[in-house]
Amino acid sequence: MRILITGGGGFIGSHLCERLLSEGHDVVCLDNFFTGSKGNIRHLLDNHRFELIRHDIIEPILLEVDQVYNMACPASPVHYQYNPVKTTKTSVMGTINMLGLAKRVKARILQASTSEVYGDPEIHPQTESYWGNVNPIGIRSCYDEGKRVAETLMMDYHRQNNVDIRIARIFNTYGPRMAEHDGRVVSNFTVQALRGEDITVYGDGSQTRSFCYVSDLVEGLIRLMNRDDFTGPVNLGNPVETSILEFAERIIGLTGSSSKVIFKPLPADDPRQRQPDISLAKEKLGWAPAVELEAGLKRTIDYFAGVVGGK
Ligand code: NAD
Ligand code: UDP
């Protein structure tokens with residue numbers, strides 16, 4: 001198949017490009033390199049089945065493909081809050097453009113949605129039937145509401161125009177090729193620990209997250225894309241939940257670092273707790289994460305050791 005991956009130069013997108021090429025597909029990677037980098041896909045450039053297009057999805061584009069993975073959108077709070085209007089445009093105008101493309105060429109399209117559609121959840125763990133608790137006017141809204149509208153657009157193109165859609169609600173995912181300075185907790189803590197700098201826990205560290213290794217997530221995305229008669233939305237994430245303070249201690253332990261934990265103010269609207277209920281993914285996709293946190297973190301620490309050491 002010929003497969004378009006928007007945001008293919010980013011963290012998750014680059015792993016998806018790699019995996020789909022290894023399965024023998026033609027891959028078109030489209031990226032404006034706002035948060036992604038050519039370094040993430042440099043090793044793919046010599047592959048004759050790989051094509052790279054520098055393009056911003058808020059502008060229309062004409063391409064002929066069989067499948068579209070719409071991954072383009074800054075994902076870390078620091079990056080998506082840098083230009084919040086642009087973030088909303090990417091999720092809304094970008095998704096309209098990709099849905100228009102899918103409609104024109106009758107391609108199946110998968111939207112990278114997020115656990116942020118649940119906001120600061122009052123239901124725990126979060127199931128797909130929960131409608132969420134999202135602040136529409138806060139500093140995270142450009143991302144959360146943008147992704148919610150993107151889901152709405154997906155469903156309306158499906159109902160109105162019969163577009164073949166898939167919606168994945170991705171929970172916190174980590175692994176090699178996360179950007180060193182993207183401000184997310186896994187990259188921040190790992191880089192701080194490797195450099196012997198203070199580990200910056202926001203708030204008292206009692207808020208929770210559940211971390212999924214990138215190869216597990218990519219497997220879930222591909223299963224969802226290729227499963228017939230199931231649009232989602234479906235949660236994809238690892239249900240093993242940890243507090244951010246425990247997570248800091250774990251990174252210190254695994255890196256053998258002398259870093260100390262320091263506490264910084266909690267950003268506004270930071271969700272208190274997050275854990276996916278993955279019963280639906282298990283039932284419909286036969287999917288569950290396979291990589292344990294410690295194994296995934298060791299691979300991620302090895303990667304960042306190369307980045308920090310200038311390898
Ligand atoms: P990332 O920032 O590494 O990747 C996003 C990619 O999209 C980058 O390469 C960036 O340059 C590109 N991009 C951004 N705006 C664009 C635009 N207007 N036009 C073209 N390209 C554009 O982030 P990631 O972690 O790889 O996330 C990928 C997708 O998965 C995002 O849509 C994100 O919202 C979603 N997601 C990720 C997580 C996670 O924990 N990593 C969780 C939930 C959802
Ligand atoms: N966080 C932290 N220190 C950091 C970066 C993040 O304590 O240096 C916290 C953040 O406040 C949040 C959690 O870690 O509670 C996850 O943050 P991240 O930005 O990775 O993702 P998200 O909040 O979008 O889940």
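Counting starts at 1 for both ligands and their atoms, in listed order. All heavy atoms count here, side chains included; hydrogens, waters and symmetry mates do not. Note that this is a predicted model, so its numbers are computed, not measured.
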Tell me whether [X] has any N or O atom under 3.5 angstrom from an N or O of ligand 1.
X    : answer
G10  : yes
K147 : yes
D56  : yes
L30  : no

Inset, instruction - Using heavy-atom distances, let me know which of I41, I58, I170 sits nearest atom 38 (C) of ligand 1. - result: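 Among I41, I58, I170, the closest heavy atom to atom 38 (C) of ligand 1 belongs to I170.
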Inset, instruction - Measure from atom 30 (O) of ligand 1 to every heavy atom in A150, A112, G146, G237 and give the option owning the shortest one. - result: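 Looking at heavy atoms only, the winner is A112.
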When you measure from [atom] to every protein heavy atom, which one gives the shortest distance, and what is it?
atom                    : value
atom 5 (C) of ligand 1  : C73 O, 3.3 Å
atom 11 (O) of ligand 1 : D31 OD1, 2.7 Å
atom 37 (C) of ligand 1 : I12 CD1, 3.8 Å
atom 10 (C) of ligand 1 : T35 OG1, 3.2 Å
atom 28 (C) of ligand 1 : M71 O, 3.5 Å
atom 13 (C) of ligand 2 : I244 CD1, 3.7 Å
atom 22 (C) of ligand 1 : N32 OD1, 3.0 Å
atom 19 (N) of ligand 1 : I57 N, 3.0 Å
atom 1 (N) of ligand 2  : Y202 CD1, 3.4 Å
atom 8 (O) of ligand 2  : N188 ND2, 2.8 Å
atom 23 (O) of ligand 1 : A75 CB, 3.5 Å

Atoms of ligand 2 less than 4.0 Å from [X] heavy atoms?
X    : answer
T200 : 2 (C), 3 (N), 4 (C), 7 (O), 8 (O)
G183 : 5 (C)
P77  : 19 (O), 24 (O)
D270 : 10 (C), 11 (O), 12 (C), 15 (O)
V201 : 7 (O)
E116 : 24 (O)
R274 : 22 (P), 25 (O)
N172 : 21 (O), 22 (P), 25 (O)

Inset, instruction - In sequence, state the C-alpha distance, the side-chain angles, and the governing distance for T114 and I170, and then conclude on side chain to side chain contact (heavy atoms under 4.5 Å, CB included). - result: CA-CA 5 Å; T114 168; I170 303 170; 5.6 Å; no
Inset, instruction - Kindly work out whether a path of hydrophobic side-chain contacts (I/L/V/M/F/W/Y, heavy atoms less than 4.5 Å apart) joins M225 to L280. - result: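 Linked, M225 and L280 end up in one cluster.
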Evaluate [X] for polar contact with ligand 2, using N/O atom pairs at a separation under 3.5 Å.
X    : value
R184 : no
Q192 : no
V185 : yes

Which atoms form the tightest heavy-atom contact between [X] and [Y], and what is the distance?
X    : Y    : result
Y174 : L293 : OH-O, 3.5 Å
A168 : L110 : CB-CD2, 4.4 Å
L221 : I12  : CD1-CG2, 4.2 Å
R227 : K284 : NH1-O, 2.7 Å

Below 4.0 angstrom from a heavy atom of [X], which ligand 1 atoms are there? Numbered from 1 as shown, please.
X    : answer
N172 : 40 (O)
T90  : 15 (N), 18 (N)
G9   : 9 (O)
F34  : 11 (O)
G36  : 8 (C), 9 (O), 10 (C), 11 (O)
G7   : 6 (C), 7 (O), 9 (O), 12 (C)

Using heavy atoms and a 4.0 Å limit, tell me yes or no: is [X] in contact with ligand 1?
X    : result
H55  : yes
K89  : no
S113 : yes
Y80  : no
P74  : yes

So, [X] and [Y], do they make that salt bridge, N to O below 4.0 Å?
X    : Y    : result
E241 : R274 : no
R209 : E246 : no
D56  : K86  : yes

Legend entry - Ring-face cation of R299 near Y213 (centre distance under 6.0 Å, axis angle within 45°):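 Yes.
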Inset, instruction - Answer yes if the side chains of N32 and R54 hold a donor-acceptor pair under 3.5 Å, and no otherwise. - result: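 Absent: no donor and acceptor within the cut-off.
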Inset, instruction - State whether a side-chain donor-acceptor pair under 3.5 Å links E197 with S259. - result: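 E197 vs S259: no donor-acceptor pair found between side chains.
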Inset, instruction - Heavy-atom distances under 4.0 Å are what count here, so tell me which part of R140 touches ligand 2: side chain, backbone, both or neither. - result: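 Contact part for R140 vs ligand 2: side chain (C-beta onward).
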Inset, instruction - Have a look at ligand 2 and work out which part of R209, if any, has a heavy atom under 4.0 Å from it: side chain, backbone, both or neither. - result: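 Answer for R209: side chain.
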Inset, instruction - Evaluate the criterion salt bridge (Lys or Arg N to Asp or Glu O under 4.0 Å) for residue pair E151 and K147; output intermediate values, then yes/no. - result: CA-CA 6 Å; E151 287 200 11; K147 291 283 188 180; over 6 Å; no
Legend entry - CD (E292) with more than 12 external heavy atoms under 6.0 Å: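 Incorrect, the count does not exceed 12.
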Give the contacting part of [X] toward ligand 1: side chain, backbone, both or neither, where contact means a heavy-atom distance below 4.0 Å.
X    : answer
F33  : backbone
T173 : both
Y143 : side chain
R184 : side chain

Inset, instruction - Indicate, with yes or no, if the rings of F211 and F171 have centres closer together than 6.0 Å. - result: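 No, too far apart.
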Inset, instruction - Could you please spell out the steps behind the salt bridge (Lys or Arg N to Asp or Glu O under 4.0 Å) verdict for E145 and R140? - result: CA-CA 8 Å; E145 298 288 22; R140 295 176 85 101; over 6 Å; no
